[in-house]
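Structure first, commentary second.
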Amino acid sequence: MFTYSRSVLNQFRVETIKNGNITMKVKGKPVTLTGEWLADNERETFNHTTQQRESNAYGVKKNFEKPEAKSALATDNALRVQWNHTNNENRYEKLWIEEMTDKYNTDNAPLFPKVLTHAEPPSFPPSKELWDSTTLPSHPTAVYTEVMSSDERCLAWLDKIDKYGFCLLQGCPDTFETFNVEILAKRAANYVRNSVFGGVWDFESGYAHADTAYTDKALPAHVDSCYCYDPPGLQMLHCVELEATGGLSTLVDGFRALQLLQEDDAESFKILQSTGFSFSYIDNQQGIHLKNTTPTIVTDLSNIVKQIRYNDCDRDPFPFSAPLSVYEAWNKLSYYIKRPEATVTFRLEPGTTLIFDNWRLLHGRTEFKGKRKVVGCYMNMEDFQSRLAACRKSKKD
């Protein structure tokens with residue numbers, strides 16, 4: 001049974017519901033919460049330990065359907081909303097609504113910054129072979145001993161990473177004690193890149209950091225470190241311990257998803273290219289709060305797609321004033337990323353190392369039960385490209 005106080009009724013109450021949007025008083029001030037904003041931020045879809053979004057509350061469809069509130073009730077400590085599209089009830093804590101209102105409903109509220117773009121639609125790098133699970137005949141592979149001992153085989157390995165966005169290196173030392181991340185990173189990109197997780201890192205379930213990767217939960221397809229001004233170019237993952245069911249690795253060619261979006265919905269593509277989206281990583285125990293605002297589609301000066309920056313886990317809430325077209329664009333890209341045929345899946349066994357292009361590919365992991373320990377590192381894109389260019393020049397000479 002809901003309870004009320006006169007102060008709550010004056011300061012925190014629902015005024016009207018129109019077109020699925022809720023107009024209410026928060027701290028006595030009027031605010032409109034759109035159905036799409038509330039659905040996008042359903043609290044049940046967040047991991048409150050990592051402060052990351054774990055799922056999309058209203059699902060992903062090719063054609064976005066605006067979520068509409070059917071009814072709403074403000075109580076002493078929460079806003080309760082029932083939906084037309086699910087008939088479910090969701091609860092939003094009063095303190096959280098107040099915090100969001102202070103942030104997004106003031107004169108200083110963040111807006112979507114706009115980025116200047118070319119008049120012509122961008123193209124994709126001609127050296128990249130875009131793929132999905134139906135067009136990639138087999139996973140690109142190389143052999144560890146050959147890569148480490150032969151410059152020619154090393155170049156072939158780097159060429160595969162450049163062309164397909166990833167390569168599985170087989171026959172690696174298979175234990176934590178015998179596998180040297182830094183030696184292999186030097187072969188690929190000259191050195192290891194440091195981050196808030198360290199230089200060489202290892203992870204397993206246990207919340208060692210405020211990140212879903214450090215759990216046994218499913219990890220949806222994403223790009224790492226969108227909250228950095230310069231996200232890592234390459235990532236290395238090497239499994240050193242596996243006594244688990246589940247835990248399959250997943251990869252999606254983000255450039256292929258963008259290509260399909262561009263062909264299907266040029267306006268949504270343009271929105272994602274010209275609008276700044278905010279991403280954050282927060283670890284209060286470590287005193288870390290990283291934040292970056294960036295387009296999801298990044299192009300270079302030649303109007304060629306250079307990066308995709310997509311991470312629904314680390315994405316900040318959209319501003320209250322966000323137009324429906326922004327939700328439609330994000331949803332349409334999500335659809336192309338999450339199509340079943342977009343994903344290649346494999347089991348990363350001890351002795352196999354995955355290196356992939358973090359500017360192009362999205363990676364993830366299925367839920368697992370048991371023991372799974374992975375070591376790895378980040379590398380800079382410019383250092384990978386430098387190493388690739390040096391190896392190609394050496395071969396010509």
Side-chain angles (χ1 to χ4, degrees), residues 34-37 39-40 53 55-68 85 112-137 163-166 220-223 226 250-277 279 294-300 302-313 315 318 322-345 356-364:
T34 65
E36 53 269 26
W37 190 92
D40 191 46
R53 184 183 286 101
S55 64
N56 188 308
Y58 49 90
V60 174
K61 300 178 181 178
K62 186 174 182 180
N63 297 312
F64 182 79
E65 297 178 5
K66 173 182 167 59
E68 295 186 349
H85 65 285
F112 280 125
K114 293 297 179 181
V115 179
L116 293 177
T117 60
H118 289 260
E120 297 297 318
S123 58
F124 293 86
S127 65
K128 315 295 185 186
E129 184 170 316
L130 310 190
W131 52 262
D132 59 29
S133 64
T134 66
T135 60
L136 187 69
K163 182 177 182 179
Y164 298 106
F166 77 106
H222 66 284
V223 170
C226 294
T250 61
L251 293 174
V252 174
D253 189 343
F255 283 9
R256 175 58 177 157
L258 292 179
Q259 186 181 56
L260 291 171
L261 175 67
Q262 186 182 52
E263 293 170 355
D264 174 47
D265 190 342
E267 183 59 31
S268 286
F269 187 99
K270 190 75 172 178
I271 288 171
L272 297 175
Q273 183 189 3
S274 61
T275 303
F277 297 85
F279 301 87
T294 173
T296 291
I297 303 169
V298 180
T299 57
D300 64 16
S302 300
N303 200 28
I304 295 174
V305 174
K306 186 177 182 181
Q307 297 181 43
I308 177 173
R309 297 183 178 179
Y310 177 97
N311 191 321
D312 227 9
C313 297
R315 175 172 60 83
F318 294 158
L324 188 62
S325 59
V326 171
Y327 290 90
E328 291 172 337
W330 188 270
N331 175 82
K332 185 67 74 71
L333 176 57
S334 299
Y335 166 79
Y336 282 114
I337 286 170
K338 296 179 180 181
R339 293 176 311 136
E341 59 267 36
T343 303
V344 297
T345 304
F356 63 90
D357 181 345
N358 186 60
W359 284 10
R360 169 184 170 186
L361 297 196
L362 295 86
H363 67 286

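The structure displayed is predicted, hence computed values, not measured ones.
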Is there a donor-acceptor pair under 3.5 Å between the side chain of [X] and the backbone N or O of [Y]?
{"X": "W131", "Y": "D253", "value": "no"}
{"X": "N311", "Y": "V223", "value": "yes"}
{"X": "S133", "Y": "V344", "value": "no"}
{"X": "Q273", "Y": "T299", "value": "no"}
{"X": "D132", "Y": "T135", "value": "yes"}
{"X": "H222", "Y": "L362", "value": "no"}
{"X": "T296", "Y": "L272", "value": "no"}

Does atom NZ of K270 have more than 12 heavy-atom neighbours from other groups under 6.0 Å away? yes
Take atom CD in E120; do more than 12 heavy atoms of anything else shown fall under 6.0 Å from it? no
I'd like to check the side chain to side chain donor-acceptor pair (under 3.5 Å) partners of [X]; sequence neighbours left out, ordered by chain and number.
{"X": "R309", "answer": "T294, Q307"}
{"X": "K66", "answer": "N21, E36"}
{"X": "D264", "answer": "K332, Y336"}
{"X": "T275", "answer": "K114"}

Taking all non-hydrogen atoms of both residues into account, name the closest pair between Y310 and L333 and its distance.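 Answer, listing the atom of Y310 first, then L333: CD1-CD2, 3.9 Å.
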Write down the atom of I304, the atom of P125, and the distance for their closest heavy-atom approach.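 That would be CG2-N, 3.6 Å.
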Could you list the residues that satisfy ring-ring contact (aromatic ring centres under 6.0 Å, His included) with F277, not counting sequence neighbours?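 Checked F277 against ring-ring contact (aromatic ring centres under 6.0 Å, His included); matches are F112, F318, W330.
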Results of salt bridge (Lys or Arg N to Asp or Glu O under 4.0 Å) for K163 - residues two or more places apart only: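 Applying salt bridge (Lys or Arg N to Asp or Glu O under 4.0 Å) to K163 gives E129.
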Would Y327 and W37 satisfy side chain to side chain contact (heavy atoms under 4.5 Å, CB included), going step by step from the backbone distance to the final call? CA-CA 9 Å; Y327 290 90; W37 190 92; 3.4 Å; yes
